[in-house]
Enquirer: 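Right, I'll just put the structure down here and ask away after.
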Amino acid sequence: MNVNDSEILAGILEREGYVPAEKMGKADLILVNTCSIRAGAENKGLWFAHSIKSLKEKNPNLIIGLCGCVAQQEKENILKKMPFVDLVMGPQGIDEFAGLLKQIETTNDLRLTTNDKGYVTYFKEQACSTRKLPVKRAKSPRTYVSITFGCDNYCSYCVVPYVRGREVSRPMDEILAEIKALDKTIHKEVILLGQNVNAWVGGLANLLREVSAIAGVEWINFMTSHPKDLSDEIIAAMAELPQINHYLHLPVQSGSSKILKAMNRKYDRDYYLKLVEKIYSKIPDITLTSDLIVGFPGETEQDFKDSLSIIRHANFDSVNTLMFSPRPQTAAAALPDQIDGPTKNARLLAMMEVVENQALAKNQQLVGKTLDALVEGPAKDGRLSGRTRGNKIVYFDAPLELLYQIKPVKITSAKSWVLEGSISSGVG
Ligand code: SAM
Ligand code: SF4
């Protein structure tokens, strides 16, 4: 979501006549687009913002903007503690960014007063449902199109509803127009984005059918799916429409029903495993990945074991393992029985090992098979790097002219996080 937001900010800057600086020291404007999902991400953004403060001392005309979820969450603190920042704007401010930029540009006093602290600030609790803004897309065969903004689910650990506002769905015609306008010589795979795309108001299955009908869209993905809203219609559309990748990221968050309840996820272990069983029966070659949080308040050894066992029972290809991080305003941050740091660390390491072993075992099952790969670019070792329809990275020797093309690759070996393969010499 942040990558997509940054591409929109870059698109607006380009439209307003800005060009990328050769290096940061030569920039007239620097925007730091922050993420606040966990304390680590938040600190990274704030640290980076502090690290560019010295550039402002050298060039007082430099405009520094702090954007994204940390800006929304920490607005008062940033206003107080970071006087070198000229623009503080939450994620919903993107719609107004061009106007804010004009305000900053057209005053000699960069500390333009829009509030009594003397900064340009823009915070809106609620995103607009429509967003017809330019997007400066990375030159990548996979590209993002937002279909929902915000979230209504209020999982007890999660800051998103507080910083990105209530859930709204973008209208179908606007989404389809954005996809039709994509440069299909580069962008072969469209990833429909939202915090819970399954709740898109017009029915995600209907949208998938419409997107599939657009000429030049070869592969379609969507993320993220909330298990409680993954309908039979969506599963049927995935099974039926050839453009939709057989890849699903379905965050479970915990394998313990007790913890899932405390997380306010609105499903239990049994529901999740039955859902997964249904998905495997309709789409046997599905690649299934998930998110699991360790160290949620009150998580016992048994709850943690339940999380480990769901990795095997759901037969995940891979899992993002996350250590619980108490976030401002969230209910879980105030729960008793917070788990101590060493226990959280130990659980995270143990889970990472289980995930790594299972990822290896699942990848090894692919050796000898021929899979389509979308060529993304050169790998570090000089070979080409591509992604399979199951979102797995694969390296193979082939000429660079194959960039942005879909080619069959025979898988020759497998590691946990990468496959290796060969492309037949006649291909291309
Ligand atoms: N909307 C998606 C869903 O419900 O699955 C997830 C979006 S969230 C931006 C991405 C992931 O961050 C979540 O799936 C969760 O595992 C993780 N996450 C969110 N809040 C967290 C917290 N306070 N501590 C640790 N991980 C967290
Ligand atoms: Fe956060 Fe839950 Fe919404 Fe996902 S569904 S963004 S985890 S509140």
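Just follow the structure's listing: the first ligand is 1, and inside any ligand the first atom is 1. We count residues from 1, following the sequence as given.
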Enquirer: I need the protein N, O or S atoms closer than 2.8 Å to atom 1 (Fe) of ligand 2, given as residue plus atom name.
Expert: Cys158 SG

Enquirer: In terms of heavy-atom contacts, does NZ of Lys44 have more than 12 from other residues, nucleotides or ligands at under 6.0 Å?
Expert: no

Enquirer: Is there a side-chain contact between Leu101 and Leu13 (heavy atoms, below 4.5 Å)?
Expert: yes

Enquirer: How would you list, by chain and number, the residues with a heavy atom under 4.0 angstrom from ligand 1?
Expert: Ile37, Arg38, Tyr157, Gln195, Thr224, Pro251, Gln253, Arg265, Asp291, Ile293, Leu322, Met323, Phe324, Ser325, Arg327

Enquirer: With a 4.0 Å cut-off on heavy atoms, does Arg265 reach ligand 2?
Expert: yes

Enquirer: Would you check if there is a donor-acceptor pair between the side chains of Asp306 and Gln302 at a distance under 3.5 Å?
Expert: yes

Enquirer: Please identify each residue that fulfils ring pair (Phe, Tyr, Trp, His ring centres under 6.0 Å) with Tyr162, with sequence neighbours left out.
Expert: Tyr154

Enquirer: By number and element, which atoms of ligand 2 are closer than 4.0 Å to a non-hydrogen atom of His226?
Expert: 5 (S)

Enquirer: Spell out, as yes or no, whether a donor-acceptor pair under 3.5 Å connects the side chain of Ser156 to the backbone of Ala262.
Expert: yes

Enquirer: Using the salt bridge (Lys or Arg N to Asp or Glu O under 4.0 Å) definition, which of the options Lys228, Lys266, Arg166 pairs with Asp152?
Expert: Arg166

Enquirer: Going by the rule side-chain hydrogen bond (donor to acceptor under 3.5 Å, both in side chains), which residues pair with Lys258 if we only count those two or more places apart in sequence or in a different chain?
Expert: Asp303

Enquirer: Just by distance, do the side chain of Lys132 and the backbone of Glu174 share a donor-acceptor pair under 3.5 Å?
Expert: no

Enquirer: Pick out which of Thr289, Asp317, Thr287 makes a side chain to side chain donor-acceptor pair (under 3.5 Å) with Lys392.
Expert: Asp317

Enquirer: Please determine which of Leu308, Thr321, Ile339 meets the side chain to side chain contact (heavy atoms under 4.5 Å, CB included) test together with Arg347.
Expert: Ile339

